Trainee: 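Below is a structure I'd like to ask you about.
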Amino acid sequence: DVKVTQSSRYLVKRTGEKVFLECVQDMDHENMFWYRQDPGLGLRLIYFSYDVKMKEKGDIPEGYSVSREKKERFSLILESASTNQTSMYLCASNLNTGELFFGEGSRLTVL
Amino acid sequence: ELKVEQNPLFLSMQEGKNYTIYCNYSTTSDRLYWYRQDPGKSLESLFVLLSNGAVKQEGRLMASLDTKARLSTLHITAAVHDLSATYFCAVDQHTDKLIFGTGTRLQVFP
């Protein structure tokens, strides 16, 4: 069965803290993605990666960075969390093209 | 820039009724996906539409794609409470990225 696992379902952090969101997929997919989901705005792409150590900016990369040291793992980093980064973060992966497989999501609250 | 619009944004419907959710997109694409999201959960793939005229059906849901009109529809037949969820369409730009609509929140009541 296809599996995308996000390490933390719920996090509460303080403004200025560094935040790591981890995502692991077991499907040997080349592509991995980080989206954020906010009410009324749908899903917006933050960063994606099509290979190990490769990354591309999505539509809203400001305030975020990513790391992909291994094919199965894609991390989203908030260097200095701010309250406007309170959101649901969704990791996804796919094979070259097409259908995305999503993780369960990480709900981040920044106080 | 590709834009994807869904309507309605919110749909409250009675059990047993039929309704259609619309997904319009702004630039040429021949691949479109429908996802379902239950409250507090992640997105689950429903349909993959890969060509003009594609039609897929699963239970009470049927999705279709008209690439010339840049329109996809998700038709609900004889709605039941279990269909209550948020439905997203997503369009493929042929760049490995999907652009999502804002979602349609469906609520089915007795």
Side-chain angles (χ1 to χ4, degrees), chain A residues 1-10 21 23 25 27 29-51 54-61 68 74 87-109, chain B residues 1-11 21-27 29-51 54 56 58 63 65 72 85-107:
Chain A
D1 228 9
V2 163
K3 193 90 173 148
V4 179
T5 303
Q6 293 183 231
S7 56
S8 305
R9 293 293 310 278
Y10 302 94
L21 299 178
C23 175
Q25 50 96 3
M27 298 164 285
H29 284 170
E30 280 86 5
N31 303 326
M32 296 188 74
F33 304 80
W34 276 105
Y35 287 88
R36 81 176 262 178
Q37 183 178 20
D38 300 287
L41 296 177
L43 276 76
R44 293 179 292 166
L45 182 63
I46 304 171
Y47 267 98
F48 68 104
S49 167
Y50 52 86
D51 202 353
M54 307 299 283
K55 61 185 179 184
E56 295 256 354
K57 292 181 180 179
D59 300 315
I60 52 164
R68 193 164 181 204
F74 192 35
S87 188
M88 168 73 95
Y89 291 89
L90 293 168
C91 175
S93 70
N94 69 8
L95 187 64
N96 279 336
T97 189
E99 187 181 8
L100 283 174
F101 297 89
F102 283 88
E104 288 294 310
S106 299
R107 185 168 292 282
L108 172 66
T109 301
Chain B
E1 182 188 337
L2 174 61
K3 292 192 187 303
V4 182
E5 294 183 349
Q6 283 182 242
N7 69 83
L9 297 183
F10 181 75
L11 176 57
I21 298 171
Y22 297 89
C23 175
N24 292 273
Y25 53 97
S26 60
T27 64
S29 177
D30 58 3
R31 293 193 290 213
L32 189 138
Y33 307 84
W34 283 97
Y35 289 85
R36 168 184 171 140
Q37 185 178 36
D38 292 300
K41 303 278 190 179
S42 192
L43 277 75
E44 171 192 355
S45 180
L46 286 175
F47 298 110
V48 177
L49 304 169
L50 298 179
S51 62
K56 295 278 183 76
E58 179 77 31
L65 178 61
S72 179
T86 300
Y87 294 86
F88 291 92
C89 64
V91 178
D92 193 336
Q93 290 185 271
H94 289 261
T95 59
D96 298 328
K97 296 192 295 182
L98 296 189
I99 304 299
F100 284 81
T102 51
T104 296
R105 187 176 162 204
L106 171 65
Q107 192 169 36

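The structure presented is a predicted model; accordingly, all values stated were derived computationally and were not measured. In what follows, every chain begins at residue 1, and chains take the letters A, B, ... in the order their sequences are listed.
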Trainee: For the residue pair Tyr35(B) and Glu99(A), establish whether any side-chain heavy-atom pair is separated by less than 4.5 Å.
Mentor: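 Yes. Closest side-chain heavy atoms under 4.5 Å.
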
Trainee: In terms of heavy-atom proximity below 4.5 Å to chain A, should Leu9(B) be classed as side chain, backbone, both, or neither?
Mentor: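 For Leu9(B), there is no contact with chain A at all, as no heavy atom is under 4.5 Å.
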
Trainee: Mind checking whether Phe33(A) and Leu98(B) have side chains closer than 4.5 Å, heavy atoms only?
Mentor: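 Contact flag for Phe33(A)/Leu98(B) side chains = no.
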
Trainee: Before giving the answer on side-chain contact (heavy atoms from CB on, under 4.5 Å), spell out for Leu45(A) and Phe100(B) the whole-Å C-alpha distance, their side-chain angles and the decisive distance to 0.1 Å.
Mentor: CA-CA 9 Å; Leu45(A) 182 63; Phe100(B) 284 81; over 6 Å; no

Trainee: Are more than 12 heavy atoms, taken from residues, nucleotides or ligands other than Arg44(A), located less than 6.0 Å from that residue's CZ atom?
Mentor: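 Yes, because the 6.0 Å sphere around CZ of Arg44(A) holds more than 12 heavy atoms from other groups.
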
Trainee: Rounded to the nearest 0.5 Å, what separates atom CG in Leu2(B) from atom CG in Asp59(A)?
Mentor: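 Reported to 0.5 Å precision, the distance equals 9.5 Å.
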
Trainee: Report yes if some heavy atom in the side chain of Tyr35(A) is under 4.5 Å from a heavy atom in the side chain of Leu43(B); otherwise report no.
Mentor: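 Sidechains of Leu43(B) and Tyr35(A): no contact.
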
Trainee: Does some side-chain heavy atom of Phe88(B) sit less than 4.5 Å from a side-chain heavy atom of Leu43(A)?
Mentor: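 They are in contact (side-chain heavy atoms under 4.5 Å apart), so the answer is yes.
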
Trainee: Please classify the contact of Ile99(B) with chain A as side chain, backbone, both or neither, using a heavy-atom distance under 4.5 Å.
Mentor: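 The side chain, not the backbone.
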
Trainee: Working to the nearest 0.5 Å, report the span between CD of Gln37(B) and CZ of Phe102(A).
Mentor: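 Separation between the atoms: 8.5 Å.
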
Trainee: Ignoring hydrogens and geometry beyond distance, is a side-chain donor-acceptor pair present between Ser42(B) and Glu104(A) at under 3.5 Å?
Mentor: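 The criterion, which ignores hydrogens and geometry beyond distance, is not satisfied for Glu104(A) and Ser42(B).
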
Trainee: Does any backbone or side-chain atom of Glu56(A) lie under 4.5 Å from a heavy atom of chain B? Answer side chain, backbone, both or neither.
Mentor: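 Contact with chain B: none, neither part.
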
